[in-house]
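Read through the structure below, which is laid out as structure tokens, and then see the notes.
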Amino acid sequence: MSETTSPAEAGGLRYDFAAAEPRWQAEWDARDCFAVPDVPPADRPKYYVLEMFPYPSGQLHMGHVRNYTLGDVVARYKRAQGHAVLHPMGWDAFGLPAENAARERGSDPARWTMDNIAAMRGTLKRLGLSLNWDREIATCLPDYYGQQQTLFLDMLQAGLVERRDALVNWDPVDQTVLANEQVVDGKGWRSGAVVEKKRLSQWFLRITAFAPDLLSALDGLESWPERVRVMQAHWIGRSEGARVSFALTAPAGGVKSVEVYTTRPDTLFGMSFLAIAAEHELAAIVAATDPEAAAFIAECRSLGTSEAAIESAEKRGYDTGLRVAHPFLDGVSFPVWIANFVLMEYGTGAIFGCPCGDQRDLDFARKYDLRVPSVVSAEDGPDPALRDFPGDVAYTGAGTLIHSGFLDGLSTDAGRKAAIARLEEIGAGRGVVNWRLRDWGISRQRAWGCPIPIIHCLSCGAQPVPRDQLPVRLPDDLDFARPGNALDHHPTWKHVACPRCGAAATRETDTCDTFVDSSWYFARFTAPRAETPTVRAAADGWLPVDQYIGGIEHAILHLLYARFFTRAMRATGHLGLDEPFARLFTQGMVNHESYRDADGTWLYPDEVERGGAGAVRRDTGAPVSVGRIEKMSKSKRNTVSPEAIIDRFGADTARWFVLSDSPPDRDMEWTEAGVIGAARFGQRVFRLVSAVAETIPAGPSADVPAGTSADAFGGAADTLRRATHRAIEAVTEAMEGFAFNVAVARLHELASALSEAGQQARSVELDWARREAAERLCLLIAPMMPHLAETLGALLVPGGALVAQSSWPKPDPALLAARRVTIAVQIMGKLRGTIEALPDEAAETVIAAAEAEPNVARLIEGKRVVKRIHVPNRIVNLVIAG
RNA sequence: GCCCGCCUGGCGGAAUGGUAGACGCAGCGGACUUAAAAUCCGCAGCCCGUAGGGCGUGCCGGUUCGAGUCCGGCGGCGGGCACCA
């Protein structure tokens, strides 16, 4: 022993994670532990676990660590349970950041992306995730997006793709279309230019064709979080109502009537006006001869669609002077307004205003002093005697119809049906179902995306690229120095011959929304190198994804698009099922305290020394104010780098910590103390198990030695065995329930039990029990701390099987019950004492013992016990009279 | 405004209608050490106290022998959606 032996080493072995972790990762690789064939093996049940694949920003963050650790625990657990586990990883690799980087520092987007992927792949590998790396895909590679182009053409052929004009947010400086969330206060988020509404020809995927099914199938997704299903249902937004045609009293520009959509045909007698959207065709007709109307329409358009604009915009309108006849009232007509709160995109772009039953209509009517007939009477509604509705709060509830002609006296529900029946009878309207969901516009004026495989010919129109010319590859010499779409102004790329007539034509230069890329990657993973989008045997074998894990932020769009794609791929023969994700788990965020300097500068956690009471700067000792605990973000600098944590503590510690304490679906707080606690536990397990490996020779493992029954053990050995088997049961149950924080707690308990047993006098039985406990502990922690588990497994049974290839332990039922049980004794439901009993002891015996318990006996002395409740092994409750 | 979720010690949290607070973090006490670190052991909801008792899972009420758990109402916090007719 040298004199430089560290105190830690002198005090016992110390687990060297930095050496062990890469070694086991290499070993798993060498033995191909996590590979599975394209078609799942028939001898085992399949299990497909998938985490949402990351965007290759360049750095893995703690949210990823949490997400992928959760998935890996499931993957390793299911593998140990005997499943063939598909657990792949890939990259959502198209998107704007690569173009921005190209603009800002002249990098090539492909190069930038692939470098980022390499860096992040490195971190993922350091985490020891049990991934099928040979199935890795990146959506920016032609292997992937070429197959996506095939899907696009198949959908086009199947009538699921359409080209049509649509209004988009146009940034005149960047010369690009912006998504709604990229428009801030009516201005482009990058350029700051005022965003214009522009009509462009766009490609649409007909998601609305599946709207009824996407809605009704939500009911079958029982293993999805309720709130995700609710959000999707609302997004799809089915409503029942009527289309009603209002005849103009005098035709305008050839238009004779205006059609509206309403969910309240029962309130037709409460009509006060008709309002159309600024983009409505009738508005354009009016504007042609009325400059004031034209000015109003222009004003509406300039308001934009940003949320801020909508929120602050008050209801405004312009009276066109036109009038429409009421369908039920002869000779009665109402004015036609252009109103800024009527949306062209929903329904028919026109409404009939019934101010008493709709807050927006009421606001509008009050502003312009229009009549407000009262047509619904209810207990909490307005006075039924009034013909004009009072106040500024509309009554939107159910009730009885009044002042409504043939509908008088009907309930609002019955009135709806009666009104529709009459409308249909007189040919003025019909009952319809309307949807809030709109078709999915996928065209993006960006170069770094999947090219849409279309060629535009002046004489033949939009032509699909012939299949044998796929993939339509992106050029590798894109120039991002100019604003606008680099694909569009590439010197040669778009110039091709029309596949039909051979004349000079141009390629579609729009690329797909990146949500398209992530809508089918889960299917591609089942046969990632195939020359077709999917291989049915592989897809049919592995799908659906048994467990999908990711952030709640994708509750609507990504998950809805993936559900749509699955149906569209079924319709085109690429898949054989409707629902891609059998179970969905949405994990919480990783939060951290934020810190600010005296002058308000945000500080990184590394720069701060955290004391009990407050915090100071590490370098200067100056006080630091501790801010809110919030989501890790670069701007607040409250981030912790996974690489740095793995360097300091190892992957197992990082994994263990993100699983401890907080349930996976809730937000967790990352703390230094928490990581250190996790590291300490790893070391503790290492000490405990290596002590067993050193002092107790290998031998018994799976079964109790011949001729020995569970009852052969007594004293400390029995206590430990029962603790071991109860832990197996409890950890298994926690794993099944996604309660990894509870699994962690049960493993702490098992470690404590093993530690306690190590302090008892040795015996053959106790040695045996300790070895059993150590071996089981090693298997039980393996999904969470796989490297440590392998290290311990090798110590316990040198030359034995890899823990990654070992089976999940099963508890011995005979050892699940305690030797003695503690039974609570209550009087009138209040705890008054406890007694010890044998498990499942007869009720009379237990009750007698309960009544004999000194404190209980004292309290029931002289009282009459009228009822005795006995819950076996748990409780006795005595009900006394008086 | 509408919809959804949550509310338990100093903190994260645990608990098939059956001893509320498992397990961990922080804290306190002790052992080991010249000392510290590491490690190990113990204490710990609040209040009064010797025994023992009272109060406690946001608040009010109900069902039950028994409620954190089930039901009704109220409050607070968080999230989603939002001129969707």
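Below, all heavy atoms of this structure are taken into account, side chains as well, without hydrogens, waters or symmetry copies.
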If we take the [atom1] atom in both [N] and [M], what is their distance in whole Å?
N     : M     : atom1 : answer
B/A67 : B/C71 : P     : 16 Å
B/C7  : B/G68 : C1'   : 11 Å
B/U19 : B/A14 : C1'   : 15 Å
B/G61 : B/G13 : P     : 29 Å
B/U33 : B/A22 : P     : 33 Å
B/C47 : B/C65 : C1'   : 28 Å
B/G9  : B/G21 : C1'   : 7 Å
B/G10 : B/U63 : P     : 32 Å

Would you say [X] reaches [N]'s phosphate, i.e. side-chain N/O to OP1/OP2 under 4.0 Å?
X      : N     : result
A/K867 : B/U64 : no
A/N741 : B/A14 : yes
A/R666 : B/A14 : yes
A/N877 : B/U64 : no
A/R227 : B/C6  : no
A/Y261 : B/A85 : no
A/R436 : B/A85 : no
A/S660 : B/C25 : no
A/R14  : B/A38 : no
A/R832 : B/G54 : yes
A/R684 : B/C40 : yes

Once you apply a heavy-atom cut-off of 4.0 Å, does [X] come out as touching a base, just sugar-phosphate, or nothing?
X      : value
A/R868 : nothing
A/N855 : sugar-phosphate
A/V871 : base
A/S752 : nothing
A/I827 : nothing
A/V342 : base
A/Q759 : sugar-phosphate

- Item | Donor-acceptor pair (no angle test) under 3.5 Å: A/R438 side chain, B/C84 base |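 Result: at least one qualifying N/O pair found.
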
- Task: Please state whether the base of B/A22 and the side chain of A/R746 form at least one donor-acceptor pair under 3.5 Å?
- Result: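 Per atom types, the contact qualifies.
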
- Query: Looking at the side chain of A/Q826, which of B/C41, B/C3, B/A20 is the nearest nucleotide?
  - Reply: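 Among B/C41, B/C3, B/A20, the one nearest the side chain of A/Q826 is B/A20.
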
- Of the candidates B/C25, B/U19, B/C84, the side chain of A/R874 sits closest to B/U19

For [N], the Watson-Crick or wobble counterpart (both distances under 3.5 Å):
N     : result
B/U16 : none
B/C83 : none
B/G27 : B/C43
B/C6  : B/G76
B/G68 : none

- Item | Evaluation steps, side-chain contact (heavy atoms from CB on, under 4.5 Å), between A/I552 and A/R227 | CA-CA 10 Å; A/I552 186 70; A/R227 59 174 174 153; 3.6 Å; yes

Any salt bridge between [X] and [Y], counting N to O under 4.0 Å?
X      : Y      : answer
A/E851 : A/R868 : yes
A/E861 : A/R858 : no
A/E299 : A/R316 : yes
A/R264 : A/D358 : no

Look at the rings of [X] and [Y] and say which category their plane angle falls in: under 30° parallel, 30 to 60° tilted, over 60° perpendicular.
X      : Y      : result
A/F352 : A/F246 : tilted
A/F585 : A/F738 : parallel
A/Y368 : A/W337 : tilted

- Message: Using O4'-C1'-N9-C4 for purines and O4'-C1'-N1-C2 for pyrimidines, with syn meaning within 90° of 0, is B/G29 syn or anti?
- Response: anti

